[in-house]
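Reading through the structure tokens given below for one structure.
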Amino acid sequence: MPFQSIEPRRLYRQIADQIRGLIRSGEFPAGARLPPERDLAKQLGVSRPSVREALIALEVEKLVEVRIGSGIYVLATSGKPVETPRESDAPAGPFELLRARYVIESECAALAAKSAKRPQVAAIEQAIEEMAREHADGRHLLAGDRLFHLRIAEATGNGALVHVVKTLWEERTGPLYQQLEHHYDTPGLWEAAMAEHRAVLNAISAHDATAARAAMQRHLNMAYKRFSKGWDTLQ
């Protein structure tokens with residue numbers, strides 16, 4: 001009997017598999033409300049962000065629905081098993097991705113502050129202006145957001161870092177992250193993000209590597225905190 005390759009499985013996938021199994025076994029029938037995040041985390045012995053990633057994965061699969069201020073409910077299904085690979089099988093969960101970006105993009109900001117030339121600083125500023133136009137027009141700000149972060153990577157002068165940041169942004173625009181962001185997507189969120197971007201730009205423009213690193217760390221840490229906010233507190 002040939003051996004099968006063993007793939008390291010992300011924690012959120014293991015949690016999602018367990019909840020999915022309980023749904024299919026009838027433990028949680030269609031219309032039932034799942035236990036709150038904090039209770040699931042305690043029962044499973046994992047962090048709440050990992051539980052949230054698992055629930056988002058199940059929402060992408062249309063097995064559950066997150067109802068802000070009410071809870072997580074099981075949806076009716078056809079009874080047919082979801083085929084693999086699933087859309088929710090991302091290499092990293094949204095919170096893992098934010099932590100990776102915290103490490104990598106903060107150093108990109110510091111390097112950009114040291115080496116960015118005037119045209120590169122102007123390109124970063126233009127990306128913020130593009131976000132402002134998108135916001136004013138009622139459009140989604142993702143294109144301008146991505147451009148801002150890529151322009152900073154390009155300002156490092158390091159092609160490998162540009163490639164890494166592009167790869168991270170491919171995950172950033174994947175179904176898991178997009179579904180998580182959907183629950184928090186408000187004008188206030190983007191206004192806060194643009195203000196944080198402006199702080200990063202100011203530090204890079206001043207060629208202050210320490211301030212640029214700190215500003216990017218704060219920006220990505222605030223994103224982590226925004227997406228960690230309890231669903232029961234949102235309306």
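Here the structure is a predicted model, which is why all the values come from computation and not from measurement. Residues take their numbers from the sequence shown, with the count starting at 1.
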Give a yes or no answer on whether the side chain of T156 reaches the backbone of A153 with a donor-acceptor pair at less than 3.5 Å. yes
Identify which one of E37, Q43, R38 satisfies the side chain to side chain contact (heavy atoms under 4.5 Å, CB included) criterion when paired with V51. E37
State which residues pass salt bridge (charged side-chain N to carboxylate O under 4.0 Å, His left out) with R133; sequence neighbours excluded, sorted by chain then number. E130
What are the two closest non-hydrogen atoms of P29 and V74, and how far apart are they? O-CB, 3.4 Å
Which is it for R172 and E181 under the salt bridge (Lys or Arg N to Asp or Glu O under 4.0 Å) test, yes or no, and what are the steps along the way? CA-CA 10 Å; R172 163 70 176 81; E181 188 175 58; 2.6 Å; yes
Common cluster, L55/L44, ILVMFWY with side-chain heavy-atom separation under 4.5 Å: yes
Run the ring-ring contact (aromatic ring centres under 6.0 Å, His included) test against F28 and tell me which residues pass, sequence neighbours left out. none
Do W190 and D185 have a side chain donor and acceptor closer than 3.5 Å? yes
Kindly check if the number of other-residue, nucleotide or ligand heavy atoms within 6.0 Å of CD (E191) is above 12? yes
Are W169 and K166 packed together at the side-chain level, in the sense that at least one heavy-atom pair is separated by less than 4.5 angstrom? no
Heavy-atom closest pair (Q120 atom, A155 atom, distance to 0.1 Å) is NE2-CA, 3.7 Å
Tell me, do M194 and E129 make a side-chain contact under 4.5 Å, heavy atoms counted? no
I want to check something: taking the side chain as every heavy atom from C-beta on, are R48 and S228 in contact at a cut-off of under 4.5 Å? no
R151 side chain near Q126 side chain, heavy-atom distance below 4.5 Å: no
Spell out, yes or no, whether V121 and V162 are grouped together once hydrophobic residues are joined by side-chain heavy atoms under 4.5 Å, including indirect joins. no
For F95, all residues meeting ring-ring contact (aromatic ring centres under 6.0 Å, His included), sequence neighbours excluded: Y224
Where do E125 and R198 land on the salt bridge (Lys or Arg N to Asp or Glu O under 4.0 Å) test, with the steps shown first? CA-CA 8 Å; E125 185 167 18; R198 179 65 64 178; 3.5 Å; yes
State whether the number of non-hydrogen atoms from other residues, nucleotides or ligands found under 6.0 Å of R218 atom CZ is greater than 12. no
Verify same cluster id: L58, V46 (apolar side-chain graph, 4.5 Å): yes
Would you sort out whether E61 and R20 count as a salt bridge (Lys or Arg N to Asp or Glu O under 4.0 Å), showing the intermediate values? CA-CA 10 Å; E61 295 174 29; R20 187 186 301 107; 2.8 Å; yes
Counting only N and O atoms by type, is there a donor-acceptor contact under 3.5 Å from the side chain of E96 to the main-chain atoms of G93? yes
In one Ile/Leu/Val/Met/Phe/Trp/Tyr side-chain cluster, 4.5 Å: L97, Y184: yes
Would a distance-only check, ignoring hydrogens and angles, find a side-chain to backbone donor-acceptor pair under 3.5 Å from D137 to R139? no
Can a side-chain donor-acceptor contact be found between H140 and E134 if the only test is distance below 3.5 angstrom? no
Quick check: closest heavy atoms across V200 and A109, and the distance to 0.1 Å? CG1-CB, 4.4 Å
Kindly indicate whether the side chain of R13, heavy atoms from C-beta on, has any atom under 4.5 Å from the side chain of E53. no
R52 to F227 six-membered ring, cation-pi geometry met (6.0 Å, 45°): no
same_hphob_cluster(I15, L22) at 4.5 Å side-chain heavy-atom cutoff: yes
Are I152 and E105 close enough, and set up right, to give a side chain to side chain contact (heavy atoms under 4.5 Å, CB included), and what steps lead you there? CA-CA 8 Å; I152 291 173; E105 293 197 48; over 6 Å; no
Looking at H219 and E196, would you say the former's side chain and the latter's main chain have a donor-acceptor pair under 3.5 Å? no
Approximate separation, where rounding is to 0.5 Å, of I19 CD1 and I72 CD1: 8.5 Å
State, to 0.1 Å, how close Y12 and A57 come at their nearest heavy-atom pair, and which atoms those are. CE1-CB, 4.1 Å
Side chain proximity check, N202 to S205, heavy atoms < 4.5 angstrom: no
Parallel, tilted or perpendicular, as decided by the 30° and 60° cut-offs, for the rings of H197 and F148: parallel
Which heavy atom of I56 sits nearest to which heavy atom of L176, and what is that distance? CG2-O, 3.4 Å
Check step by step if salt bridge (Lys or Arg N to Asp or Glu O under 4.0 Å) holds for R67 and E65. CA-CA 6 Å; R67 298 177 190 170; E65 178 185 13; 3.2 Å; yes
Looking just at side-chain N and O atoms, do H183 and E59 make a donor-acceptor pair shorter than 3.5 Å? yes
Residue pair G144 / M131: nearest heavy atoms and the distance that separates them: C-CG, 3.3 Å
